[in-house]
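Note sheet for the following structure.
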Amino acid sequence: MTPVEPRTTLSRRDLLCAAAAAACLPHAARAQGDWPSKPIRLVVPYAPGGSSDTLGRLIARQLQDSLKVSVVVENRAGAGGLIGSQQVAKAPPDGYTLVISGIGSHVIAPVEQPNTFDPMKDFTHIALLGGPPLALVVNAETPYKDFKIFLALAAVDPKGVSWGSPGQGTHGHLTGELLRAAAKLNMVHIAYKGATPAVQDLLAGQIPAGCMTLSSANAHVDSGRLRLLAVSASARVPPYPNTPTFAELGYPQLTGTTWFSLSGPPGMPQAVVDRLNAETRKGLASAAARQQMANESMETIDQDAAAFTRFMAAEIARWAPAARSVSGSGKS
């Protein structure tokens with residue numbers, strides 16, 4: 001019996017069937033193999049100069065080096081991080097549009113403005129970056145020499161002590177409002193579009209106090225132009241051993257870091273998510289990144305994408321009730 005020779009050419013029907021099958025494959029699945037093949041857009045939903053911007057540019061450099069494509073940082077500030085985040089939620093889930101997410105934009109702000117987006121359903125959560133503690137700081141020319149004096153004077157000030165945060169719905173805003181309510185202080189909130197303009201007004205004496213990330217204010221604390229009264233860290237921060245934590249001062253509910261993270265649109269391919277998570281964690285573990293994080297009083301948190309997604313859900317459960325309790329309070 002003569003053996004059948006293997007067929008080495010495809011019939012026209014075979015070719016048509018193969019083409020039809022390929023056309024049925026999801027575009028995202030076909031694109032995974034050559035991802036990334038073009039520049040990546042990384043949206044920072046806050047103004048330049050703050051902690052989110054610092055971390056965003058650090059991660060952009062690390063990803064650019066490891067992925068061998070350009071990573072373009074785009075600042076889209078406004079509404080406590082909601083404006084830039086909304087843009088990313090509506091972007092194609094192909095791994096080329098990402099956002100620096102975090103406790104302010106994806107935990108607190110959506111509670112205060114619930115018709116914007118669902119922070120769990122409308123995003124793919126990729127990697128937890130870490131972040132700095134919050135700091136209660138005042139202009140060094142004010143009479144607020146320490147936290148106890150600040151409380152005493154703020155409790156009786158007939159006009160109300162003006163204080164700034166990086167924006168409505170940020171962690172700094174929520175923490176300041178919780179402090180105001182717990183200590184029964186007369187404080188008037190002023191929301192800025194990011195930490196940088198808030199610090200500028202602090203330095204100029206336009207506002208006497210502010211609640212923002214320590215990394216946004218530490219350079220001016222070191223120069224003596226701002227005075228550090230308290231931090232939200234779980235323990236005293238090594239560069240400032242004489243500054244107490246909120247927990248030491250009787251406000252343990254204010255303990256926490258202003259953490260930031262990397263997220264993208266919903267429905268991103270798992271292979272792309274895993275690659276971004278791995279490259280991000282590798283970048284944060286580098287000596288250069290660790291040194292920069294330490295200089296900015298930031299702590300890194302190493303988690304895979306699944307663990308980070310669970311962490312996000314837990315933080316929403318923790319902070320959402322407090323965010324609802326102060327929603328609409330203060331001046332914006």
Side-chain angles (χ1 to χ4, degrees), residues 44-54 75 77-85 100 102-113 131-139 142 144 147 150-151 154 160-183 185-218 220-221 226-233 246 251 253-260 297 319 322-332:
V44 175
Y46 298 101
S51 299
S52 60
D53 186 60
T54 298
N75 293 91
L82 293 176
I83 292 176
S85 299
I100 296 297
I103 186 171
S105 59
H106 285 69
V107 175
I108 299 170
V111 173
E112 297 185 336
Q113 300 186 53
L134 285 169
L136 177 63
V137 292
V138 295
N139 185 295
T142 65
Y144 311 125
F147 184 80
F150 177 82
L151 289 191
V161 176
S162 297
W163 67 282
S165 79
Q168 187 82 13
T170 61
H171 192 202
H173 169 222
L174 177 58
T175 299
E177 289 290 357
L178 290 176
L179 173 64
R180 178 193 60 78
L185 305 179
N186 190 8
M187 295 169 60
V188 180
H189 177 232
I190 299 176
Y192 288 84
K193 290 185 177 181
T196 298
V199 170
Q200 289 172 345
D201 271 10
L202 261 174
L203 295 171
Q206 298 299 314
I207 55 173
C211 190
M212 59 201 63
T213 58
L214 178 57
S215 56
S216 299
N218 58 4
H220 304 293
V221 171
L226 297 182
R227 184 177 297 123
L228 182 60
L229 301 186
V231 293
S232 69
F246 282 117
Y251 303 93
Q253 71 272 32
L254 304 185
T255 301
T257 61
T258 301
W259 53 267
F260 296 97
S297 301
W319 288 101
R324 292 189 188 97
S325 73
V326 302
S327 180
S329 61
K331 176 183 176 182
S332 55

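Note that the numbering runs from 1 along the sequence shown for the chain.
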Examine distances only and state if a side-chain atom of [X] and a backbone atom of [Y] form a donor-acceptor pair shorter than 3.5 Å.
| X | Y | answer |
| --- | --- | --- |
| S232 | G256 | yes |
| T175 | G172 | no |
| S85 | G81 | yes |
| Y46 | S105 | yes |
| S162 | M187 | no |
| N186 | A154 | no |
| S216 | M212 | no |

Enter the distance from [X]:[atom1] to [Y]:[atom2] here, rounded to the nearest 0.5 Å.
| X | Y | atom1 | atom2 | result |
| --- | --- | --- | --- | --- |
| Q253 | L179 | CD | CG | 8.5 Å |
| Q200 | H220 | CD | NE2 | 8.0 Å |
| T257 | L214 | OG1 | CG | 12.0 Å |
| T54 | I100 | OG1 | CD1 | 10.5 Å |
| L134 | H173 | CG | NE2 | 12.5 Å |
| I108 | T258 | CD1 | OG1 | 8.0 Å |

Out of the candidates V161, V188, I190, V199, only one should pair with I207 under the side chain to side chain contact (heavy atoms under 4.5 Å, CB included) rule; please name it.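 When side chain to side chain contact (heavy atoms under 4.5 Å, CB included) is applied between I207 and each of V161, V188, I190, V199, only I190 qualifies.
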Would you check if L228 and L136 make a side-chain contact, meaning some heavy-atom pair closer than 4.5 Å?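 The answer is no, as the side chains (C-beta and beyond) never meet within the 4.5 Å cut-off.
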Answer with yes or no after comparing the ring centroid distance for H171 and W259 against a 6.0 Å cut-off, counting only values under it.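 No - the distance between ring centres of H171 and W259 does not fall below the 6.0 Å cut-off.
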Going by the angle between their ring planes, with limits at 30° and 60°, are Y144 and F150 parallel, tilted or perpendicular?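 Rings of Y144 and F150: perpendicular, over 60°.
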